[in-house]
Amino acid sequence: MRDLVLLPSLTAELDDSGRIGITGKFLSGVHAYVEGWDGRVRVLIEGRQGASGNLDDAAVDPATLPFELKVVDYTDPDFGKALEGAGVVHGGLGHRQNALPQLCAGLGLPFVTASEYTLRTRRQIVRANTRNPLLRVRRELWEYGQEKKNVAAISAAAGIQCNGTPTYDAYRSLTDSMLYFDTRTKTEEVVEEAALERRLAERVLSGKPLRLAFSGRLDPMKGAHHLPPLAAALKRRGVAFEMSICGGGTVVEQMKRDIDRLQVGDVVTMRGVLDFRAELVPFVREEVDVFVCPHVQGDPSCTYMETFALGVPIVGYDNEAFQGLVELGPVGWLSPLGDVERLADRITWLDCNRESVVERSRFARTLAQDHTMERTFTRRLDHLRALVRA
């Protein structure tokens with residue numbers, strides 16, 4: 001089969017030694033494509049200056065990779081030449097790529113786009129990250145204009161792969177579409193049933209303090225700064241609990257100050273950035289009863305399915321991504337977006353209704369078994385192959 005060409009929406013940093021800085025999560029995904037594609041895989045990625053802010057950035061030597069990795073400019077008038085030999089081009093949405101479906105159509109190549117954020121979620125991200133009210137309005141208006149271009153690009157594409165239910169529901173009628181849930185969890189990392197039942201019996205049903213946790217970027221759009229006030233609200237309600245916060249980001253120092261100010265240092269532990277497979281997976285699988293997800297917008301974070309795979313249900317804000325997952329089955333509990341007190345009320349209820357935690361822990365594992373990293377990439381590759389043949 002001819003080349004699979006990947007055009008990621010993320011960017012890479014090219015240093016003076018020729019090494020390329022890119023997220024480990026993305027690299028693991030490309031390795032999955034390499035294993036499943038019966039042909040060559042090429043990654044054409046745009047460059048950037050400075051760090052990305054991702055927690056797992058790594059500098060790699062392109063010569064050591066089992067796929068081609070090259071820094072390019074998607075808006076270069078001669079970019080079409082870089083696509084020679086492609087069987088299918090898999091890219092994304094946004095102002096840097098929205099002209100590419102038409103370009104590929106002119107070259108006789110199927111362009112398959114990927115989507116994550118609806119207009120609603122993008123506006124929520126703007127609000128979370130922009131303090132200046134005038135700048136906030138300008139950015140939201142820009143997103144409205146961008147949405148029209150996104151729809152035109154999707155309509156011109158041969159297909160779309162939607163990460164999460166929100167964009168799948170929004171765009172599925174525009175072209176050949178498929179739904180998937182992003183995850184890095186491999187089949188062998190899904191918690192074993194016996195281990196899950198042991199944890200539920202020894203911890204949840206025994207009445208011991210609930211072990212709560214959050215992992216991810218500690219940034220405003222993830223709502224991480226809501227966690228210290230949430231801990232204080234739980235203490236006021238007399239809930240016995242422990243809260244672990246894993247990750248790093250722009251609000252770390254603010255969170256540390258809030259932990260001291262609110263006097264919750266006895267129940268909240270900032271664990272820093274944990275290696276996903278070596279540290280985070282075993283920690284959540286063995287030491288966490290309920291995951292707290294205060295995302296104030298609906299990005300289809302891989303956190304959701306990765307947490308379910310470890311037999312841990314989620315209590316979180318009712319953003320559209322989490323709403324879509326809860327509609328699939330009893331995997332967690334929704335709480336009004338941005339309302340810390342209501343979220344504390346929900347966790348207080350869970351503390352008194354442990355059987356609900358047990359039920360959702362079991363179903364979360366069952367759901368995630370069908371959405372492991374291997375199964376997800378198999379479905380995505382099958383979709384790409386079908387469009388090559390078409």
Side-chain angles (χ1 to χ4, degrees), residues 9-10 23-26 51-57 116-118 120-131 136 139 143 163-164 166-167 181-184 212-233 243-259 264 268-274 276 280 283-284 288 290-308 310 312-326 332-340 342-344 346-347:
S9 297
L10 55 83
T23 71
K25 176 187 172 185
F26 174 74
S52 70
N54 292 307
L55 302 180
D56 63 343
D57 276 350
E116 291 192 342
Y117 301 154
T118 63
R120 176 184 177 186
T121 289
R122 297 199 308 274
R123 291 178 61 209
Q124 289 172 332
I125 293 173
V126 167
R127 293 170 191 170
N129 292 331
T130 312
R131 292 185 177 182
R136 188 185 307 128
R139 288 177 173 175
E143 290 294 353
N163 181 12
T167 60
F181 298 98
D182 196 15
T183 180
R184 293 167 290 179
L212 310 175
F214 170 86
S215 70
R217 296 205 314 273
L218 305 184
D219 292 334
M221 67 177 275
K222 300 294 185 178
H225 55 298
H226 292 199
L227 293 170
L230 174 63
M243 180 184 291
S244 296
I245 301 173
C246 310
T250 59
V251 296
V252 170
E253 295 307 316
Q254 174 190 334
M255 292 175 67
K256 289 179 178 178
R257 291 192 299 269
D258 287 345
I259 289 171
V264 292
V268 178
T269 302
M270 299 279 286
R271 296 181 176 270
V273 179
L274 303 183
F276 177 71
L280 184 61
F283 170 68
V284 175
V288 177
V290 177
F291 191 98
V292 181
C293 193
H295 291 186
V296 293
Q297 41 69 43
D299 75 294
S301 171
C302 59
T303 295
Y304 293 112
M305 201 57 69
E306 289 170 358
T307 302
F308 297 154
L310 304 178
V312 176
I314 294 175
V315 58
Y317 291 149
D318 59 351
N319 63 67
E320 57 182 352
F322 190 30
Q323 283 179 346
L325 286 163
V326 171
W333 307 267
L334 299 168
S335 186
L337 193 72
D339 192 330
V340 171
R342 294 284 294 278
L343 185 56
R346 174 59 73 181
I347 296 172

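These figures come from a predicted structure and were not determined experimentally.
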>> Tell me every residue that passes salt bridge (charged side-chain N to carboxylate O under 4.0 Å, His left out) with R346, counting only those two or more places apart in sequence or in another chain.
In response: none

> Which heavy-atom pair separates V288 from A213 by the least distance, and what is that distance?
Replying inline: CG2-CB, 3.6 Å

>> Could you report the tightest heavy-atom contact between G248 and V273, atom names first, then the distance?
In response: N-CG2, 3.7 Å

>> The test is side chain to side chain contact (heavy atoms under 4.5 Å, CB included); show your working for T23 and L10 and say whether it passes.
In response: CA-CA 9 Å; T23 71; L10 55 83; 4.2 Å; yes

>> Between L280 and E306, is the side chain to side chain contact (heavy atoms under 4.5 Å, CB included) condition met? List the steps.
In response: CA-CA 10 Å; L280 184 61; E306 289 170 358; 5.9 Å; no

> Closest approach of A344 and A233, non-hydrogen atoms and distance?
Replying inline: CB-CB, 3.6 Å

>> Could you check whether any side-chain N or O of R122 sits under 3.5 Å from a backbone N or O of Y117, counting only pairs where one atom can act as donor and the other as acceptor?
In response: yes

>> I'd like to check the side-chain hydrogen bond (donor to acceptor under 3.5 Å, both in side chains) partners of R139; sequence neighbours left out, ordered by chain and number.
In response: T130

What side-chain donor-acceptor pairs closer than 3.5 Å can you find for residues 291-299, not counting sequence neighbours?
{"residue": "Q297", "atom": "OE1", "partner": "D299", "partner atom": "N", "Å": "2.8"}
{"residue": "Q297", "atom": "NE2", "partner": "M221", "partner atom": "O", "Å": "2.7"}
{"residue": "Q297", "atom": "NE2", "partner": "D299", "partner atom": "OD1", "Å": "2.8"}
{"residue": "D299", "atom": "OD2", "partner": "K222", "partner atom": "NZ", "Å": "2.9"}

>> Using the ring pair (Phe, Tyr, Trp, His ring centres under 6.0 Å) criterion, which residues pair with Y317? Sequence neighbours excluded.
In response: H226

> Closest approach of F283 and C246, non-hydrogen atoms and distance?
Replying inline: CE2-SG, 4.0 Å

> With respect to T118, which candidate in E320, R123, Q124 satisfies the side-chain hydrogen bond (donor to acceptor under 3.5 Å, both in side chains) definition?
Replying inline: E320

>> According to side chain to side chain contact (heavy atoms under 4.5 Å, CB included), who are the partners of A232, at least two apart in sequence or on a separate chain?
In response: R236, L262, V264

>> The criterion is side-chain hydrogen bond (donor to acceptor under 3.5 Å, both in side chains); which residues satisfy it with R120, sequence neighbours excluded?
In response: none

> Do you know the tightest heavy-atom contact between F322 and I314?
Replying inline: CZ-O, 3.4 Å

> Quick one: salt bridge (charged side-chain N to carboxylate O under 4.0 Å, His left out) partners of E116, sequence neighbours excluded?
Replying inline: none

> Partners of R127 by salt bridge (charged side-chain N to carboxylate O under 4.0 Å, His left out), sequence neighbours excluded?
Replying inline: E140

>> Could you work out, with side-chain hydrogen bond (donor to acceptor under 3.5 Å, both in side chains) as the rule, every residue matching S335, not counting sequence neighbours?
In response: none

> Which residues satisfy the side-chain hydrogen bond (donor to acceptor under 3.5 Å, both in side chains) test with T303, sequence neighbours excluded?
Replying inline: S301

> Would a distance-only check, ignoring hydrogens and angles, find a side-chain to backbone donor-acceptor pair under 3.5 Å from R217 to G247?
Replying inline: no

>> Among residues at least two apart in sequence or on other chains, which ones pass salt bridge (charged side-chain N to carboxylate O under 4.0 Å, His left out) with D318?
In response: none

> What closest approach, in Å, do V284 and V312 show between heavy atoms, and which atom pair accounts for it?
Replying inline: O-CG2, 3.7 Å

Which pairs would a plain distance check flag for residues 250-259, meaning a side-chain donor or acceptor within less than 3.5 Å of a matching protein atom at least two apart in sequence or in another chain?
{"residue": "T250", "atom": "OG1", "partner": "D219", "partner atom": "OD1", "Å": "3.0"}
{"residue": "D258", "atom": "OD1", "partner": "R261", "partner atom": "NH2", "Å": "3.1"}

>> Pair I347, L230 - check side chain to side chain contact (heavy atoms under 4.5 Å, CB included), show working.
In response: CA-CA 10 Å; I347 296 172; L230 174 63; 4.0 Å; yes

